[in-house]
Amino acid sequence: MRRPRIVLVALVVLGGLGALLPACNVAGAIAYFTAPRQIQKAEFALTKGRLAVLIEPARPEDDNPVFTQALHTKLTEIFREKKVNEQVVPFAEVQRLRQVSPDFDRWDMQRVAKALNAEQLLYIRVEHLSMKSTAAHPVLEPTADLRIKVISPAVPPKKARVWPKSEEREGRTIQRGRAMREASDPSALDTEADKLGKDVARLVAKPFYDVDLEEKDQWEP
């Protein structure tokens, strides 16, 4: 429950306890419930026009279509919900460009953005993706390490990366792990890959909208 909705109840309770508690304790509690919410402002304003999201694994063995699609779909949903962007290039359109372009893997990110008629491209590089603890013990322990950056196709190549700042040379680091669980059935692997992708999407989206620091992250169950 959000704090503004419980302020009145809290003040009533505190008022009743006022005779039993030291004045400084009551004042401190009242200050907490009446203080403005802590909002972390967006680091970067993404375009409101067409936005391409390109997700690529650093290594072939880290390619997981279930994870990739879940990440893209959930990110699109969050951007729409938070009013960040409502024109994310559909996942199928990015995949189709890959299929019809035999040399796609050699394209630079500005070329990809232009081919998709996008004003910006959010590049997500999956540095490491693991679903199982070890090959010998099929226990699921999903983890993902990524780097993200925003590319503009409308500037000279040396200035193509518009976020994050140059101090983060390889892009912003994103990491997420989920609790260990048994691989009880064949579908468990895809289920966990889907959940991990959605969890990662929440982290990827955060730099681009105002975040209420008092709200807990809503991870997948």
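Source: prediction; values computed, not measured.
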Practice problem: Answer yes or no: is there an ion pair linking Glu220 with Arg202, defined by an N-O contact shorter than 4.0 Å? | Solution: yes
Quiz item: Looking at CG of Asn85 and CG of Leu51, how far apart are the two atoms once the value is rounded to the nearest 0.5 Å?
Solution: 5.0 Å
Exercise. Taking Glu119 for its side chain and Ala154 for its backbone only, find out whether a donor-acceptor pair lies under 3.5 Å.
Key: no
Quiz prompt | Arg178 vs Asp199, side chain to side chain contact (heavy atoms under 4.5 Å, CB included): CA-CA, chis, key distance, verdict | solution = CA-CA 9 Å; Arg178 290 179 56 82; Asp199 281 357; 2.8 Å; yes
Exercise. Tell me whether Ile151 is reachable from Phe104 by hopping between hydrophobic residues (I, L, V, M, F, W, Y) whose side-chain heavy atoms are closer than 4.5 Å.
Key: yes
Quiz item: Taking the side chain as C-beta and beyond, is there a heavy-atom pair between Phe79 and Leu46 under 4.5 Å?
Solution: yes
Quiz item: Mind checking whether Val112 and Leu121 have side chains closer than 4.5 Å, heavy atoms only?
Solution: yes
Practice problem: With the side chain counted from C-beta on, respond yes when Arg176 and Trp219 share a heavy-atom pair under 4.5 Å apart, and no when they do not. | Solution: yes
Quiz item: Which heavy atom of Lys48 sits nearest a heavy atom of Val84, and at what distance?
Solution: NZ-O, 3.1 Å
Exercise. Could you tell me which non-hydrogen atom of Val66 sits nearest to which non-hydrogen atom of Ala193, and how far apart they are?
Key: CG1-CB, 4.0 Å
Self-check item: Backbone of Phe67 reached by a side-chain donor or acceptor of Gln69 within 3.5 Å
Solution: no
Quiz prompt | Asp194 bridged to Lys198 by N-O distance under 4.0 Å | solution = yes
Self-check item: Residue pair Leu122 / Leu75, side-chain heavy-atom distance below 4.5 Å
Solution: yes
Quiz item: Hey, is the main chain of Pro164 close enough, under 3.5 Å, to the side chain of Lys149 for a donor-acceptor pair?
Solution: no
Quiz item: Just how far is it from atom CG of Leu54 to atom OG1 of Thr68, taken to the nearest 0.5 Å?
Solution: 10.0 Å
Quiz item: Can you list the steps and then say if Lys74 with Ile78 is a side chain to side chain contact (heavy atoms under 4.5 Å, CB included)?
Solution: CA-CA 6 Å; Lys74 188 63 179 181; Ile78 295 170; 4.0 Å; yes
Quiz prompt | Ion pair Glu43/Arg172, N-O distance below 4.0 Å | solution = yes
Quiz item: Linking I/L/V/M/F/W/Y whenever their side-chain heavy atoms sit closer than 4.5 Å, directly or via other members, would Trp107 and Val126 fall into one cluster?
Solution: no
Quiz item: Does Arg161 reach the main-chain N or O of Lys165 with its side chain, forming a donor-acceptor pair under 3.5 Å?
Solution: yes
Quiz item: Can you tell me how far CG of Leu189 sits from CE of Met131, rounded to the nearest 0.5 angstrom?
Solution: 5.0 Å
Quiz item: Does atom CZ of Arg169 have more than 12 heavy-atom neighbours from other groups under 6.0 Å away?
Solution: no
Exercise. Would you mind checking if Glu77 and Arg80 are paired as a salt bridge, meaning a charged N to carboxylate O distance below 4.0 Å?
Key: no
Practice problem: Indicate yes or no: does Arg125 engage Glu127 in a salt bridge with an N to O separation below 4.0 Å. | Solution: yes
Quiz item: Please walk me through it: do Val53 and Phe91 pass side chain to side chain contact (heavy atoms under 4.5 Å, CB included)?
Solution: CA-CA 8 Å; Val53 177; Phe91 182 76; over 6 Å; no
Quiz item: Distance-only, no hydrogens or angles: does the Glu141 side chain make a donor-acceptor pair with backbone N or O of Lys132 under 3.5 Å?
Solution: no
Exercise. Find out whether Ile55 and Leu71 are in side-chain contact, i.e. whether some heavy atom of one side chain is under 4.5 Å from a heavy atom of the other.
Key: yes
Quiz item: Going hydrophobic residue to hydrophobic residue with side-chain gaps under 4.5 angstrom, can you get from Met109 over to Trp163?
Solution: no
Quiz item: Is any NZ, NE, NH1 or NH2 atom of the basic residue among Arg50 and Glu86 found under 4.0 Å from an Asp or Glu carboxylate oxygen of the other?
Solution: no
Quiz item: Okay, side chain of Lys206, backbone of Ala201: is any donor-acceptor separation there less than 3.5 Å?
Solution: no
Quiz item: Looking at side-chain heavy atoms only, is the closest gap between Tyr209 and Gln40 below 4.5 Å?
Solution: no
Quiz item: Any side-chain heavy atom of Leu146 sitting closer than 4.5 Å to one from Val200?
Solution: yes
Quiz item: Are side-chain heavy atoms of Lys82 and Phe208 found at a separation under 4.5 Å?
Solution: no
Quiz item: Just by distance, do the side chain of Thr47 and the backbone of Gly49 share a donor-acceptor pair under 3.5 Å?
Solution: yes
Quiz item: For the residue pair Leu140 and Ala183, what are the closest heavy atoms and their distance?
Solution: CG-CB, 4.0 Å
Quiz item: Do Leu129 and Ile124 share a hydrophobic cluster, counting only Ile, Leu, Val, Met, Phe, Trp and Tyr and linking them when any side-chain heavy atoms are less than 4.5 Å apart?
Solution: yes
Practice problem: Look at Asp108 together with Arg111 and state whether they make a salt bridge at an N to O cut-off of under 4.0 Å. | Solution: no
Quiz item: If Ile, Leu, Val, Met, Phe, Trp and Tyr residues are connected whenever their side-chain heavy atoms lie under 4.5 Å apart, and connections chain through other members, are Tyr123 and Leu203 in the same group?
Solution: no
Quiz prompt | Within 6.0 Å of CD in Glu61, more than 12 heavy atoms from elsewhere | solution = yes
Quiz item: Short question: side chain of Gln110, backbone of Ser152 - any donor-acceptor pair under 3.5 Å?
Solution: yes
Quiz item: Within the side chain of Asp103, is there an N or O that forms a donor-acceptor pair under 3.5 Å with the backbone of Arg106?
Solution: no
Exercise. Apply side chain to side chain contact (heavy atoms under 4.5 Å, CB included) to Ile148 and Ile174, showing your working.
Key: CA-CA 8 Å; Ile148 65 174; Ile174 301 291; 4.2 Å; yes
Self-check item: Candidate pair Glu56 and Arg98, rule salt bridge (Lys or Arg N to Asp or Glu O under 4.0 Å), full reasoning
Solution: CA-CA 11 Å; Glu56 292 187 326; Arg98 285 181 180 276; 3.6 Å; yes
